[in-house]
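Accompanying notes for the structure given below.
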Amino acid sequence: MKQNNGANVVLLLAALSAGLLFDPMGFLRMALAASVMHEAGHILLYSLCTHSLPRLAPSLGGISLRMDKLLTRKQEAAVICAGPLVNFLAAACMFLSAWHKASYGLYFFAAVHLCMGLYNCLPFGVLDGARLLALLVPARGLPILERFQRAGLCVFLTLAGLAALLAPLPFEARCAAALAPCYLLLQQAGRRRT
């Protein structure tokens with residue numbers, strides 16, 4: 001298990017290094033900053049609920065949080081919602097700030113936060129939306145929910161792939177459309193192994 005984590009860390013760092021080398025618009029840097037803020041929202045609320053920090057576990061899709069302490073359903077729902085909420089609040093603050101003093105960089109960073117919050121609300125894969133939905137569905141309905149989520153993931157992957165190939169988008173937007181489903185697939189693969 002430790003060797004697998006070591007390989008995951010090396011692969012993750014290699015992917016980040018390559019991405020940062022070919023990031024002329026700063027999109028990856030902004031996405032990483034928005035990701036850190038998103039995860040900080042989860043960590044902060046988890047720490048407030050349990051008075052301890054979650055473990056960080058590297059995977060091919062990034063760094064995931066391992067919450068070892070038991071939470072009530074309400075606490076778990078609040079911890080899940082905290083990440084997207086941080087992104088939405090940051091996006092709102094940045095849009096308001098850019099409205100008073102126009103800045104393309106600030107608008108773009110606000111858009112990255114908004115997209116990250118919305119993306120994490122999708123109801124499939126390992127995203128926050130899927131975890132929240134699983135909390136709300138009774139235990140006997142979970143197998144049906146998982147089938148719907150797999151079907152939704154297939155539709156999402158197909159649409160994102162078509163957007164990456166066919167849509168009249170700039171190269172960077174095509175890459176983002178291709179990377180979104182790749183992230184979900186990597187996270188799903190990492191989840192099956194653990």
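Nothing fancy with the numbering, it's 1 onward along the sequence. Any value given below was found using the heavy atoms of this structure, including those in side chains, with hydrogens, waters and symmetry copies removed. Please read these numbers as outputs of a predicted model, since none were measured by experiment.
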State plainly whether one hydrophobic cluster holds both Leu114 and Tyr107, where clusters connect Ile, Leu, Val, Met, Phe, Trp and Tyr through side-chain heavy atoms under 4.5 angstrom apart.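 Looking at the clustering, Tyr107 is in the same group as Leu114.
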Going only through I, L, V, M, F, W and Y residues with side-chain contacts under 4.5 Å, is there a path from Leu48 to Leu71?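 Same cluster: Leu48 reaches Leu71 through Ile, Leu, Val, Met, Phe, Trp or Tyr contacts under 4.5 Å.
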For [X] and [Y], which heavy atoms make the closest approach, and how far apart are they?
{"X": "Ser47", "Y": "Leu53", "value": "OG-CD2, 3.2 Å"}
{"X": "Ala82", "Y": "Leu45", "value": "CB-CD2, 3.8 Å"}
{"X": "Pro54", "Y": "Ile43", "value": "CG-CG1, 4.0 Å"}
{"X": "Phe109", "Y": "Met30", "value": "CE1-O, 3.3 Å"}
{"X": "Met94", "Y": "Ala110", "value": "CB-CB, 3.6 Å"}
{"X": "Asn87", "Y": "Ala34", "value": "ND2-O, 3.3 Å"}

So with a 6.0 Å cut-off around CG of Leu136, is the heavy-atom count from everything else above 12?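 More than 12 heavy atoms, drawn from other residues, nucleotides or ligands, come within 6.0 Å of this atom.
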Under a 4.5 Å cut-off applied to non-hydrogen side-chain atoms, are [X] and [Y] in contact?
{"X": "Cys154", "Y": "Phe124", "result": "no"}
{"X": "Leu106", "Y": "Phe95", "result": "no"}
{"X": "Cys81", "Y": "Leu132", "result": "yes"}

Just how far is it from atom [atom1] of [X] to atom [atom2] of [Y], taken to the nearest 0.5 Å?
{"X": "Leu96", "Y": "His100", "atom1": "CG", "atom2": "NE2", "answer": "6.0 Å"}
{"X": "Phe108", "Y": "Cys115", "atom1": "CZ", "atom2": "SG", "answer": "8.5 Å"}
{"X": "Leu133", "Y": "Leu142", "atom1": "CG", "atom2": "CG", "answer": "9.0 Å"}
{"X": "Cys49", "Y": "Leu44", "atom1": "SG", "atom2": "CG", "answer": "9.5 Å"}
{"X": "Gln75", "Y": "Leu70", "atom1": "CD", "atom2": "CG", "answer": "10.0 Å"}
{"X": "Leu122", "Y": "Leu127", "atom1": "CG", "atom2": "CG", "answer": "6.0 Å"}

Hey, is the main chain of [Y] close enough, under 3.5 Å, to the side chain of [X] for a donor-acceptor pair?
{"X": "Glu146", "Y": "Pro143", "result": "no"}
{"X": "Gln149", "Y": "Pro123", "result": "yes"}
{"X": "Tyr46", "Y": "Gly41", "result": "no"}
{"X": "His38", "Y": "Gly83", "result": "yes"}
{"X": "His42", "Y": "Val79", "result": "yes"}

For Thr158, enumerate each residue passing the side chain to side chain donor-acceptor pair (under 3.5 Å) test, keeping only those at least two apart in sequence or located in another chain.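 So Thr158 forms no side chain to side chain donor-acceptor pair (under 3.5 Å) with any residue.
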Residues in side chain to side chain donor-acceptor pair (under 3.5 Å) contact with Ser97, at least two apart in sequence or another chain: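 Testing Ser97 for side chain to side chain donor-acceptor pair (under 3.5 Å), a comparison that skips the adjacent residues, returns none.
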